[in-house]
Amino acid sequence: MALEATYNSQTVEKRWYSYWMEHNYFHSEVDEREPYTIVIPPPNVTGVLHMGHMLNNTLQDVLIRRARLKGFNACWVPGTDHASIATEAKVVAKLKSEGINKEDLTREEFLKHAWDWTYKHGGIILDQLKHLGASCDWERTKFTMDDDMSASVIKVFIDLYEKGNIYRGYRMVNWDPEAKTTLSDEEVIHIEKQGNLYYLNYKIEGSNDTLTIATTRPETILGDTAICINPNDERFTHLKGKKAIVPICNRVIPIIEDEYVDVEFGTGCLKVTPAHDENDKVLGDKHGLEVIDILNEDATLNSFGMHYQGKDRFVVRKEITKELEAIGALQKIETHTNKIGTSERTGAVIEPRLSDQWFLKMKELAQPALDAVLEKEVNLVPEKFINTYRHWMENVRDWNISRQLWWGHQIPAYFYGDGKEDFVVAESLEAAVPKAQKKSGNSALTASNLKQDPDALDTWFSSWLWPMSVFNGIMEPDNKEINYYYPTNDLVTAPEILFFWVARMIIAGYEYRGEKPFNNVYLTGIVRDKQRRKMSKSLGNSPDPIELMKQYGADGVRVGMLLSSPAGNDLMFDEDLCKQGSGFVNKIWNAYRLIDGWEISESLEETDTSKIALDWYRAKFQMALAEIEDHYSKYRISDALMATYKLVWDDFCSWLLEMVKPGYQQPISGKTFRSIIEIFEDNLKVLHPFVPFISEELWQHIAKRTPKEALVVSQWPELKPINETLIKEFEFASEVISGIRTIRKQKNISFKETISLHIINNDNATTTFDAVIQKLGNIDVLTYVSEKIEGALTFRVKSNEYFVPIEGAINVEEEIEKLSEELKYTEGFLKSVQGKLKNEKFVSGAPEKVVAMEKQKEADALAKIETLKTSLAGLQ
RNA sequence: GGGCGUUUAGCUCAGUUGGUUCAGAGCACUUGGUUUACACCCAAGGGGUCGGGGGUUCGAAUCCCUCAACGCCCA
């Protein structure tokens, strides 16, 4: 059946994806082969596919498909993440739009809504990945809140608690007043903002004097519990031991001394608000100050805010400034830029807030994970991220793992009293009872006396176990799957989550299996638009991936994504890249259409041209294959693609097919045809990871294949020794062909018009490719001569001279000019080479090989100059 | 403020240990070409003081110093 004239990506994609699924090629079971494993960075369960996922998953699919072809037992585990904050925020918003407040629901009721939401919107993203061609083992699809996954999280929490690594602490945390939860340090984004510095006067108790402090947050004065001065600051000696009066609330507070105060900043007097600033908290602890929290959990003021109670902190800031001014306590306002923390998820300005939270001690746990990367047990690609990783790991801080949310894994701590330590940690309420009885010494305690901590765990506290828990490696540490698939091979993810996720997975891996979770971490860039803006929903600058695939085909988009995405560098995405990708797919399609249309004749002998052309391409293919393998080994995926692209487009289509192509309506020899097909099949194999759909389509078109013979499970071509001589000889021949084409163009000789070519073979060049030169140059007669041909057009390759006699006079002047230019260039070149060779330091200092090469260059140049000079002499 | 990185053609990027005619690729651009697979094509061509300055070396895009611009991470 003849191929359609144009490639229809949609039909083909549907056909082969279902064929692959039907034959279960993506499923992996433990067997005797060597495994090659990737776990997907689980996307948000209710998320939709964006360009970052496209890039990331294309890369993973390329790696896994190649591994499959190389004979590994390839296993790519897909799944999703419950994304605590993001999902809960969405559910809360949805309920609100229906007039329901989260506060009015019980935990169980709320969770039911959240699960409904998850069932409704969940997993869309995984289906979208199928459009891309992702060859995941869908039978293994996991969700971080599946029962077994949750059990793993709880088990690890209990274990770490029992080892003393998890503790409960009253600490200053990052509070997101919008999501009403704490955030880890990593989830806070610091941005520079223009603000003000307010200079406020405080009266000194028992005198008419005042002191002036500078603050960026005047609303927090209501929480002030001290003024601090530097004991070495002579300006304030008179204040020592006195007390100050906070304006508006008229609280009398001590003036304390501490060298912490920067005498240069502001006025040198610092107001201390321990409840609302991390540094002030430290000062407060040191000096035993009172802690006055003036904020509610939504960042409105509480009763300490007096007449501002119930108003938002930013509103209060404006209003209190006016009041301070009215009572004469405001001295001046200066503009001031400072960095403020904002929530990664909601964008809200973070409030430092004191509260009871759960923390994981990191220092000791982090050590093996730091060593693993420094010793290249785990390779970060590109290596430049090692420094960033080291810096973070060496200064790692304890991880706040609790979140004031319901959607997630509820912390398995059960309180039996109001005391800070009146709790036990257990995997269930039932298990908690005996523990609580023991700890409290109260054997009468029952389940009804216990109250589980309402907080949930940070989502990353479940995803850090991902490479282990997807194989049930936490609950059953010795099961055959975890023993076989772990450690996984490659992890493909974004540098943004190097600390959030990657580092913590390595930590967990060493803690729970004594082994790294993966060998290599390939860090991709961020997908940006042409103006270098990060693609985001809010900016609306991201194309819809599904639409993109409809327009350019999944293969086209895959190629487009990979064309310009070196590891770790941002990708400036441009739809033109997909256009180039679909152009490539079109080229492959048409190359096969040409071959497919040939009439085959078994009685025809293989021509010399075809024979040498095929030999050359086989050599060239090996050379490209070696290069491609090298690129893959270094995770230079876009380079591997480009090498494949050039092999297929330039070498196969533009050179080989043109060389073997029979004349119009002429048949091709059966032998040649079979060789071409064999070669084309190898091309399809190396193409497959990049363009799985069209490669499978053509593969299946070439011959009727059994399910076992599908391309997706075929064998990657073997590396064989490269015939470099043949490649070099062809390069020479291709220069001759270029010379002919240039002459044709310059003299307006149509390609259809045959010409003759006379050669003086000064260089002793091989005649192997003469038949090819004749065919591609449309040469009727190719002869070797010893004397130059008068009145012919000429060109030179190395020191060989080529003559094309044509009708009509040659423009002698032009010829002379052309030759003189070549001569001038060559002489200049010779001079520089001889300059080097005359330099004794060069000859003695440079390696022999380099000197020999320079000598060869000298000889070549001398020979060329000789021929140029004779030619010139002949013309003059 | 501390750390890391980047700067090469109009654009996006390669350039390994300092040494082939090393200044490259893809795209874009210019010119010519279409009854014969593909105009999503073929062929030919132009285009760069390798961010600036200084140094080491027989030899520097590559190593060192310095300045500048940009980006990222951390505080």
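Proteins come first, then strands; the chains are lettered A, B, ... in the order of their sequence lines, and each starts at number 1.
- Nucleotide B:rC41 is matched to B:rG33 when pairs are restricted to Watson-Crick or G-U wobble geometry with both distances under 3.5 angstrom.
- B:rG10 and B:rU30: their P atoms are spaced 15 Å apart (whole Å).
- Counting non-hydrogen atoms under 4.0 angstrom, A:S738 reaches the backbone sugars and phosphates but no base.
- Considering only side-chain atoms of A:C653, the nucleotide from B:rG26, B:rA37, B:rA44 that sits closest is B:rA37.
- Geometrically, A:R171 engages A:F359 in a cation-pi contact, judged by NZ or CZ lying under 6.0 Å from the ring centre and within 45° of the ring axis.
- Closest to the A:N586 side chain, of the nucleotides B:rA37, B:rC74, B:rC40, is B:rC40.
- Between A:R217 and A:E351 there is a salt bridge, since at least one side-chain N of the basic residue sits less than 4.0 Å from a carboxylate O of the acidic one.
- The listed nucleotides are B:rA44, B:rC73, B:rC41; the one nearest the side chain of A:T388 is B:rC73.
- When the P atom of B:rC73 is taken as reference, atom CD1 of A:I497 falls 14 Å away, rounded to whole Å.
- We find that CD of A:E627 is positioned 13 Å from P of B:rA25, with the value rounded to whole Å.
- Taking atom C1' on both B:rC72 and B:rG26, the two are 27 Å apart, rounded to the nearest angstrom.
- A distance of about 8 Å separates the C1' atoms of B:rA23 and B:rG48, rounded to the whole Å.
- Rounding to whole angstrom units, CD of residue A:Q580 and C1' of B:rC40 are separated by 11 Å.
- Aromatic ring pairs are classed by plane angle as parallel below 30°, tilted from 30° to 60° and perpendicular above 60°; the pair A:Y645 and A:F584 is tilted.
- Comparing B:rG24 with B:rG46, their P atoms are spaced 12 Å from each other, to the whole Å.
- Looking at A:N590 and A:Y7, their side chains never come closer than 4.5 Å, going by heavy atoms from C-beta outward.
- The interatomic distance linking A:E854 (CD) with B:rC22 (P) rounds to 12 Å, in whole Å.
- Distance, A:R390 CZ to B:rG5 C1': 14 Å, rounded to whole Å.
- Distance noted for atom P between B:rA14 and B:rU56: 31 Å (whole Å).
- Between the P atom of B:rC40 and the OH atom of A:Y7 lies a distance of 18 Å, rounded to the nearest Å.
- Side-chain atoms of A:K646 lie closest to B:rG26 of the nucleotides B:rC40, B:rC73, B:rG26.
- B:rA25 sits 29 Å from B:rA68 when the C1' atoms are compared, rounded to a whole Å.
- In this structure, B:rG5 forms a base pair with B:rC70, meeting either the Watson-Crick or the G-U wobble geometry with both donor-acceptor distances under 3.5 Å.
- Note on A:W649: only backbone sugar-phosphate atoms sit closer than 4.0 angstrom, heavy atoms only; bases stay farther off.
- Regarding A:L830, its CG atom lies at a distance of 16 Å from the C1' atom of B:rU20, rounded to whole Å.
- In the set B:rA25, B:rU12, B:rA44, the nucleotide with an atom closest to the side chain of A:M572 is B:rU12.
- Dashed line: the shortest gap from a side-chain N or O of A:K752 to OP1 or OP2 of B:rU35 is under 4.0 Å.
- Within the 4.5 Å cutoff, side-chain heavy atoms of A:I779 are placed close to those of A:I740.
- Following rounding to the nearest Å, A:Y664 (OH) and B:rU35 (P) show an atom-to-atom distance of 11 Å.
- A:R744 comes within contact range of no nucleotide atom at all, as no heavy-atom separation falls under 4.0 Å.
- Nearest to the side-chain atoms of A:M642 among the listed nucleotides B:rG5, B:rC27, B:rA25 stands B:rA25.
- B:rU56 makes up no base pair with any nucleotide shown, lacking Watson-Crick or G-U wobble contacts both under 3.5 Å.
- Contact of A:E658 with B:rA37 (side chain to base): a donor-acceptor pair of N or O atoms is detected under 3.5 Å.
- Between A:Y645 and A:N590, it is A:Y645 whose nearest contact on RNA chain B lies nearer the 5' terminus.
- Nucleotide B:rU12: paired with B:rA25 (Watson-Crick or G-U wobble, both distances less than 3.5 Å).
- Taking the side chain of A:R593 as heavy atoms from C-beta on, and the options B:rA75, B:rG15, B:rC38, the nearest nucleotide is B:rC38.
- Between A:L614 and A:M659 the shortest side-chain heavy-atom distance does not fall below 4.5 Å.
- Remark: the separation of the C1' atoms in B:rG47 and B:rU31 is 15 Å, to the nearest Å.
- Contact of A:K587 with B:rC40 (side chain to base): no donor-acceptor pair of N or O atoms is detected under 3.5 Å.
- Along RNA chain B, the nucleotide closest to A:E496 and the one closest to A:T6 are compared, and the more 5′ of them pairs with A:T6.
- Contact annotation: A:R741 side-chain N/O to B:rC42 OP1/OP2 distance is not under 4.0 Å.
- In this structure, the ring of A:F652 has its center less than 6.0 angstrom from the ring center of A:F680.
- Between A:H631 and A:E627, the side chains place a donor N or O and an acceptor N or O closer than 3.5 Å (distance only, hydrogens not considered).
- On the C1' atoms, B:rG5 is 37 Å away from B:rG45, given to the nearest whole Å.
- Proximity note for A:D650 (side chain, C-beta onward) versus B:rC4, B:rG26, B:rC42: the nearest is B:rG26.
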